[in-house]
Amino acid sequence: MAPQKIIRFVLGLLAGVAVPLILAEAHVRYHPPADMQPFLGDESGLKGSFRPDPELCADYATFENFRADYSARLTALGALDDARPTWLWFGNSFVQAPGMLGDAAQAAMPKVRMFYLQRNERPWLRIAQMRALLEHGLHPERIIFALLPVDAVSLCQQPLESIYVNSHGAITTRLRMPAGPLAALIRHSKLATLAWIRSGRHVWNPGFRMAKIGETLPPPLPDDLRQLVSVIGGLSRKHSVPVTVLLIPNREQIAGKSKFAFQDSMIAMCREQGLACFDARNVFAGVQEKQTIFLPDWHFTPRGNELLLAALLEHFKETKNAGEKGAP
C-alpha cells in the first residue's frame, strides 16, 4: 500500500473514532442522563430544599421546607405542641412501612401518639428531622431511633464526606475517584464520568457487601456512625428527652449465619454518649420456625413485630425500674 493511502487510512480511522467520541462528549456534557445528575454537584440540574450542615452535611433549608415535604403526614399526626403523650420514632421501612413497628406500637398503645413519618430516609437525614421537630415544638416522652445493618451499608456507599448540597439546594454525591491518570480523565471528560458511574466503581467501598457488616466495619463507617451518635446524644441532652437506639437484627443474624460487629460497635458508641441502647439480637432466638416471622420481602410479619415490640416495651419497663438513663 502506498504511503499516501496508509496516511489516508489512518486519518480516516482516527476520524471514525474521534468524531463519535466528540459528539458523545458534547451530548453528555449538555444533556447529562438522569443517572448522572446526582453526581454532578453544582453542574447538576437537580434542585432541592436543603442546605449544607456542619454536623450532618445536609439539612432542610427551613422548617417550612421540611413541613411541606411531609405536609399530609404531619397534618394527620396533629400539632407538634399537642398535649397527648408522644413517642417519636425513626427508622427505615422496618419502622415506617404499613404494618411494621410504628403501626404495631400505635395499635398496642392507642393512648400514646406514635409519631413516625411513614417514609424511609437515610440515617443522617432522620437525625436532621429529629432536630427540626424538637426545635419547633415537639416534646416527646421518648425517642426510639431504630437501626439495622442495612443502614450501615447505605453509609458505606454514601459516607458523610461524600454528601454535597449543591447551589440549587439538592443533595448530591461526590464521586469516589480512582488513582492515577484515570482520575484526571474523569474530571475533564463528562463521557468518562458517565462510564465511571455506570461501571459501579464510583461508589465508596465498592467491594463491600452487606454480608460483611457482621464481620467488620470498613473505614470511614465507624467515624461516621460515631458522628451521628454524637449528634443524637447532643439533641437528647439539649432537649432533655431520653433516646433509645434500637438495634434490629437482619435475617442473616436471626438465622445464625452472621455475626454482630455492627451492633457491638453501636453499643459502645451509645455508651460513650450516655444513650440507652436496646440490642434485639436475642428477641427471636426462641422462635423455632423462623419463616413465621418473615414476610416474602424479609420484613417482619405481624408476629415478628409483636415479638420485637414486646421485648422493647419490657426493656423500657426494666430500665425504668432500675432507674437507668433512657427511662421516661
Side-chain angles (χ1 to χ4, degrees), residues 37-39 41 44 46-74 77 80 87-97 100-102 115-136 138 140 143-174 203-205 220-221 223-236 238-239 241 243-248 262 266 269-270 273 275:
Q37 292 281 354
F39 304 97
S44 172
L46 298 178
K47 299 179 180 179
S49 55
F50 297 90
R51 61 172 175 80
D53 182 82
E55 293 183 312
L56 300 172
C57 297
D59 193 4
Y60 294 93
T62 67
F63 184 71
E64 286 68 32
N65 292 131
F66 168 62
R67 184 184 288 279
D69 202 20
Y70 284 87
S71 58
R73 180 58 178 165
L74 290 174
L77 287 167
L80 296 185
W87 290 10
L88 177 58
W89 295 76
F90 292 97
N92 61 23
S93 57
F94 278 75
V95 171
Q96 307 289 348
M100 293 298 112
L101 194 57
F115 202 107
Y116 52 103
L117 295 170
Q118 296 183 334
R119 193 185 304 175
N120 184 10
E121 300 286 8
R122 288 162 285 191
W124 43 268
L125 191 53
R126 298 173 205 167
I127 302 174
Q129 293 173 344
M130 178 193 301
R131 182 168 61 191
L133 290 167
L134 293 177
E135 291 181 350
H136 287 83
L138 187 65
I143 297 173
I144 302 98
F145 198 94
L147 288 168
L148 279 88
V150 68
D151 294 310
V153 173
S154 71
L155 276 170
C156 286
Q157 296 172 338
Q158 188 188 39
L160 294 181
E161 66 179 296
S162 73
I163 299 166
Y164 176 71
V165 179
N166 71 11
S167 56
H168 311 298
I171 297 174
T172 64
T173 303
R174 294 184 177 94
V203 299
W204 300 62
N205 290 301
L221 179 58
D223 291 337
D224 283 357
L225 289 173
R226 186 169 285 105
Q227 170 66 11
L228 298 184
V229 172
S230 175
V231 178
I232 295 173
L235 290 171
S236 175
K238 179 180 179 180
H239 296 278
V241 56
V243 176
T244 297
V245 176
L246 169 61
L247 302 175
I248 303 175
F262 169 65
M266 286 300 304
M269 293 175 191
C270 288
Q273 288 296 319
L275 291 173

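Numbering starts at 1 and runs along the sequence shown.
Separation of atoms CG (Leu88) and CG (Leu77) is listed at 9.5 Å; rounding is to 0.5 Å. Phe90 CZ to Met130 CE: the interatomic distance, rounded to the nearest 0.5 Å, is 5.0 Å. For the atom pair CG (Leu225) and CG (Leu147), the distance works out to 8.0 Å, reported to the nearest 0.5 Å. Atoms CZ and CG, from Phe94 and Asn120 in turn, are 10.5 Å apart once rounded to the nearest 0.5 Å. Of the inter-residue distances, the one linking Cys270 atom SG with Leu247 atom CG reads 6.5 Å to the nearest 0.5 angstrom. Distance check: Arg73 CZ to Tyr116 OH gives 5.0 Å after rounding to the nearest 0.5 Å.
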(request) Kindly determine whether Ile171 and Arg122 satisfy side-chain contact (heavy atoms from CB on, under 4.5 Å), including the steps that lead there. (result) CA-CA 12 Å; Ile171 297 174; Arg122 288 162 285 191; 4.2 Å; yes
(message) side-chain contact (heavy atoms from CB on, under 4.5 Å), that's the test. Do Arg119 and Asp69 meet it? Break it down for me.
(response) CA-CA 11 Å; Arg119 193 185 304 175; Asp69 202 20; 3.4 Å; yes
(message) Walk me through whether Val229 and Leu275 qualify under side-chain contact (heavy atoms from CB on, under 4.5 Å).
(response) CA-CA 9 Å; Val229 172; Leu275 291 173; 3.9 Å; yes
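Using a 4.5 Å heavy-atom threshold, the side chains of Leu80 and Arg67 count as touching. By the 4.5 Å heavy-atom criterion applied to side chains, Ile143 and Leu134 are counted as neighbours. Contact check for Arg126 versus Asp151: side-chain heavy atoms found under the 4.5 Å cut-off. With contacts defined as side-chain heavy-atom distances shorter than 4.5 Å, the pair Asn166/Phe50 does not qualify. Between Asp59 and Arg51, the closest side-chain pair of non-hydrogen atoms falls below 4.5 Å. Side-chain contact check for Leu56 versus Arg131: some heavy-atom pair is nearer than 4.5 Å.
In this structure, Asp224 contributes its side chain and Pro159 its backbone to no donor-acceptor pair below 3.5 Å. When atom types are taken as modelled, the side chain of Arg174 and the backbone of Ile163 share a donor-acceptor pair closer than 3.5 angstrom. Judged purely by atom type and a 3.5 angstrom limit, Ser236 uses its side chain to pair as donor or acceptor with the backbone of Val241. Counting only distance, with no hydrogens or angles, the side chain of His239 and the backbone of Leu235 share no donor-acceptor pair below 3.5 Å. Looking only at distances, no side-chain donor or acceptor of Gln96 sits under 3.5 Å from a matching main-chain atom of Gly102. Panel note: side chain Thr173, backbone Ser162; no donor-acceptor pair is recorded below 3.5 Å.
When all heavy atoms of Thr172 and Gln158 are compared, the pair lying nearest together is O-NE2, 4.5 Å. Considering all non-hydrogen atoms of both residues, Cys57 and Val165 come closest at O-CG2, 3.8 Å. Heavy-atom minimum distance, Gln227 versus Leu160: CG-CD1, 3.9 Å. Of all heavy-atom pairs spanning Ala58 and Trp124, the tightest one is CB-CZ3, 3.7 Å. Closest of all the heavy-atom pairs between Asn205 and Pro220 is ND2-CD, 4.2 Å. Across every non-hydrogen atom of Ala132 and Phe66, the tightest pair is CB-CD2, 4.3 Å.
Residues Gln129 and Tyr60 bring a donor and an acceptor atom of their side chains to less than 3.5 Å of each other. Inspection of the Asn65 and Thr62 side chains reveals an N or O donor paired with an N or O acceptor under 3.5 Å.
Under the rule for a side-chain contact (heavy atoms from CB on, under 4.5 Å), the partners of Pro149 that lie at least two apart in sequence or sit in another chain are Ile213, Asn250, Gln253, Phe262, Gln263.
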